[in-house]
Number of protein chains: 2
Amino acid sequence: MGRKAGSHSEITGPKVREAALRLIARHGFAAVSMRQIAAEVGIQAGALYNYTPDKQSLLFDLMRSHMEELLESRVTSAGGGSALERLEEFTRFHIRFHLPRGQQVFVSYMELRNLEPENFQEVERLRRLYEDELEGILRQGVEEGAFAVADTKITTLALIAMLTGISNWYREGGRLSVGRIEELYWAMVRNMVAVLPIEGAELPTSVLAARAS
Amino acid sequence: MGRKAGSHSEITGPKVREAALRLIARHGFAAVSMRQIAAEVGIQAGALYNYTPDKQSLLFDLMRSHMEELLESRVTSAGGGSALERLEEFTRFHIRFHLPRGQQVFVSYMELRNLEPENFQEVERLRRLYEDELEGILRQGVEEGAFAVADTKITTLALIAMLTGISNWYREGGRLSVGRIEELYWAMVRNMVAVLPIEGAELPTSVLAARAS
DNA sequence: GTCTATATGAGGATAGAC
DNA sequence: GTCTATCCTCATATAGAC
């Protein structure tokens with residue numbers, strides 16, 4: 001291809017992204033300099049600008065591609081079935097997808113503040129698409145009378161926070177396997193939405209009717 | 001008192017802390033400069049060093065005092081009773097304490113990376129004291145046969161993540177009052193640890209014995 | 001206690017040679 | 001595509017006048 005000596009764009013590009021992700025996850029976006037990223041890759045700072053127009057774009061690319069990968073994986077995994085089945089599948093998917101991506105999860109969560117408004121809006125839009133599927137499952141469960149969920153929006157946020165929180169302590173090779181973590185969290189999720197006589201819970205009329213009969 | 005003109009230490013000190021908290025919560029520790037903090041207070045950057053030896057100490061003070069206030073409030077609130085009663089009290093306390101302190105929660109969570117090792121250890125120690133109380137409640141509940149919790153450590157982390165996550169979306173004057181949020185989350189917490197016939201859950205022998213009788 | 005001024009260094013980003 | 005060199009701005013922190 002007539003590539004010049006010292007030309008490695010196909011290798012260097014991914015290395016820049018990996019180095020940036022690793023350093024930003026560890027020290028935070030604002031605390032990481034372009035010189036640090038370049039040093040981690042093994043090039044000079046100026047050469048980074050062959051791969052990103054600026055530092056902000058580097059962050060945005062990391063976060064957007066993480067969300068897009070999540071949504072793409074989701075499309076191929078999501079299926080039909082009862083609300084309970086769909087909720088179990090969603091729970092297990094969320095854990096299996098996120099646990100091997102601790103750095104991406106961390107960055108996507110912590111660096112939202114450092115996105116310029118336009119970029120922030122886009123990442124938020126993608127995140128909402130993901131959460132909306134979960135809320136849809138909860139709504140279905142309420143309709144079916146399978147779930148006692150007083151507020152599907154709040155329960156969605158509670159579940160996401162609980163599940164994503166795993167990434168804060170999970171370490172590969174730790175006490176619990178991914179499979180075991182799936183079991184433990186699925187049991188908790190299942191309990192949380194279970195139909196039970198909770199005082200004050202606003203049960204849907206379909207459930208009240210079913211109980212009366 | 002013979003105070004010189006322009007001398008306002010009793011006023012300026014708290015203002016420095018408040019300005020730092022507000023700016024760090026919004027932009028992140030590394031992204032905020034001492035000049036910005038000074039400008040927010042209405043003094044010059046050099047004058048900040050009458051109130052903190054350096055930027056790191058300012059962050060550490062904010063995080064440590066937040067944790068110490070949490071633990072002090074906890075001592076006066078915590079009581080005895082059944083595990084279910086204690087869990088309800090803990091849940092409501094956690095929400096009532098944290099919701100009016102969104103900035104502190106955010107900073108204490110996001111800026112752990114920016115603490116120097118010694119300071120990090122201290123903040124972690126205080127955080128663990130708080131979590132240990134929750135785990136103790138869960139252990140008591142398992143002993144009493146009131147809770148079906150397969151792994152008290154994991155359930156502790158799941159509950160903390162779920163409850164602290166409220167601070168990510170709560171806004172004063174929003175759709176839900178603090179009281180309503182307490183109700184919704186207590187219902188979820190209660191369900192989550194409830195004794196139910198969950199396949200695969202490792203029930204304590206006390207519960208299995210109770211069921212057999 | 002606060003100011004102005006400054007020491008000292010690092011930051012993002014660009015230009016031009018190879 | 002990468003390098004070296006550099007522009008320009010901003011950072012933390014300190015010194016000394018008032």
Side-chain angles (χ1 to χ4, degrees), chain A residues 1-24 26-63 107 111 113-119, chain B residues 1-24 26-62 107 111 113-116 118-119:
Chain A
M1 296 288 287
R3 182 178 292 148
K4 289 177 188 169
S7 174
H8 303 287
S9 79
E10 288 150 24
I11 300 171
T12 308
K15 279 174 76 177
V16 168
R17 293 168 53 85
E18 287 157 20
L21 177 64
R22 186 166 45 245
L23 288 170
I24 293 171
R26 190 181 205 90
H27 305 291
F29 176 70
V32 171
S33 69
M34 296 298 266
R35 284 175 172 83
Q36 270 179 282
I37 296 170
E40 183 95 351
V41 174
I43 60 177
Q44 293 300 313
L48 282 179
Y49 292 85
N50 289 313
Y51 301 97
T52 180
D54 52 32
K55 197 186 176 194
Q56 168 73 200
S57 299
L58 193 49
L59 176 64
F60 178 50
D61 279 354
L62 290 174
M63 295 176 72
V107 169
E111 306 298 349
R113 285 178 304 188
N114 290 304
L115 287 177
E116 288 167 4
E118 199 176 47
N119 295 337
Chain B
M1 296 288 287
R3 184 177 291 149
K4 290 176 189 171
S7 175
H8 303 285
S9 79
E10 287 150 25
I11 299 171
T12 308
K15 280 175 76 177
V16 168
R17 293 168 53 84
E18 287 158 21
L21 178 64
R22 184 166 46 246
L23 288 170
I24 292 171
R26 190 180 204 90
H27 305 291
F29 176 71
V32 171
S33 70
M34 295 297 266
R35 280 178 175 81
Q36 274 178 278
I37 296 170
E40 183 96 352
V41 174
I43 59 177
Q44 293 300 312
L48 282 179
Y49 292 86
N50 289 313
Y51 301 96
T52 179
D54 52 30
K55 197 186 176 193
Q56 167 73 202
S57 299
L58 192 50
L59 176 64
F60 178 50
D61 279 354
L62 290 175
V107 169
E111 305 298 350
R113 285 178 302 189
N114 290 304
L115 287 176
E116 288 168 4
E118 200 176 45
N119 295 339

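In this text, all values refer to a predicted model and were calculated from it rather than measured experimentally. Order of the sequence lines fixes the chain letters, A, B, ..., with proteins taken first and strands second; residue numbering starts at 1 for each chain.
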With sequence neighbours excluded, residues passing side chain to side chain contact (heavy atoms under 4.5 Å, CB included) with B/Arg113: A/Phe106, A/Met110, A/Glu111
field: Partner of B/Leu58 by side chain to side chain contact (heavy atoms under 4.5 Å, CB included), out of B/Ile37, B/Leu21, B/Leu48
entry: B/Ile37
query: How long is the line joining NE2 of A/His27 and C1' of C/dG11, in whole Å?
result: 16 Å
- request: Kindly say if B/Thr12 contacts the phosphate of C/dT2, meaning a side-chain N or O under 4.0 Å from OP1 or OP2.
  value: yes
field: Short side-chain N/O contact from A/Tyr49 to OP1 or OP2 of D/dG1, under 4.0 Å
entry: no
- prompt: Of all of residues 39-46 of chain A, which get a heavy atom below 4.0 angstrom from DNA chain D, listed by number?
  reply: A/Ile43, A/Gln44
N/O-N/O pairs, protein side and nucleotides 9-11 of chain D side, under 3.5 Å:
unit_1 : atom_1 : unit_2  : atom_2 : d
D/dA11 : OP1    : B/Ser33 : OG     : 3.1
D/dA11 : N7     : B/Arg35 : NH1    : 3.4

query: Going from CE on A/Met34 to OH on A/Tyr49, what distance comes out if it is rounded to the nearest 0.5 angstrom?
result: 3.5 Å
- prompt: Among all residues two or more places apart in sequence or in another chain, which pass the salt bridge (Lys or Arg N to Asp or Glu O under 4.0 Å) test with A/Asp61?
  reply: A/Arg64
query: Starting at the 5' end of DNA chain C and moving along, which residue's nearest nucleotide shows up first, B/Asn50 or A/Asp54?
result: B/Asn50
query: Considering residues at least two apart in sequence or located in another chain, which fulfil the side chain to side chain contact (heavy atoms under 4.5 Å, CB included) criterion with B/Asp54?
result: B/Gln56, B/Ser57
- request: Can you tell me the distance, in whole Å, between the CD atom of A/Gln56 and the C1' atom of C/dG11?
  value: 16 Å
query: Nearest heavy-atom pair of A/Phe29 and A/Ile24: which atoms, and what distance?
result: N-CG2, 3.7 Å
message: Has A/Thr52 got a side-chain atom pairing as donor or acceptor with A/Lys55's backbone, closer than 3.5 angstrom?
response: no
message: Quick test of your reading: applying salt bridge (charged side-chain N to carboxylate O under 4.0 Å, His left out), list the pairs with at least one residue in residues 30-52 of chain A, sequence neighbours left out, ordered by first then second residue.
response: A/Arg22-A/Glu40
Whole-Å gap separating P (C/dG1) and NZ (B/Lys15): 15 Å
field: Atom-to-atom span, OH of B/Tyr51 to P of D/dA13 - whole angstrom
entry: 17 Å
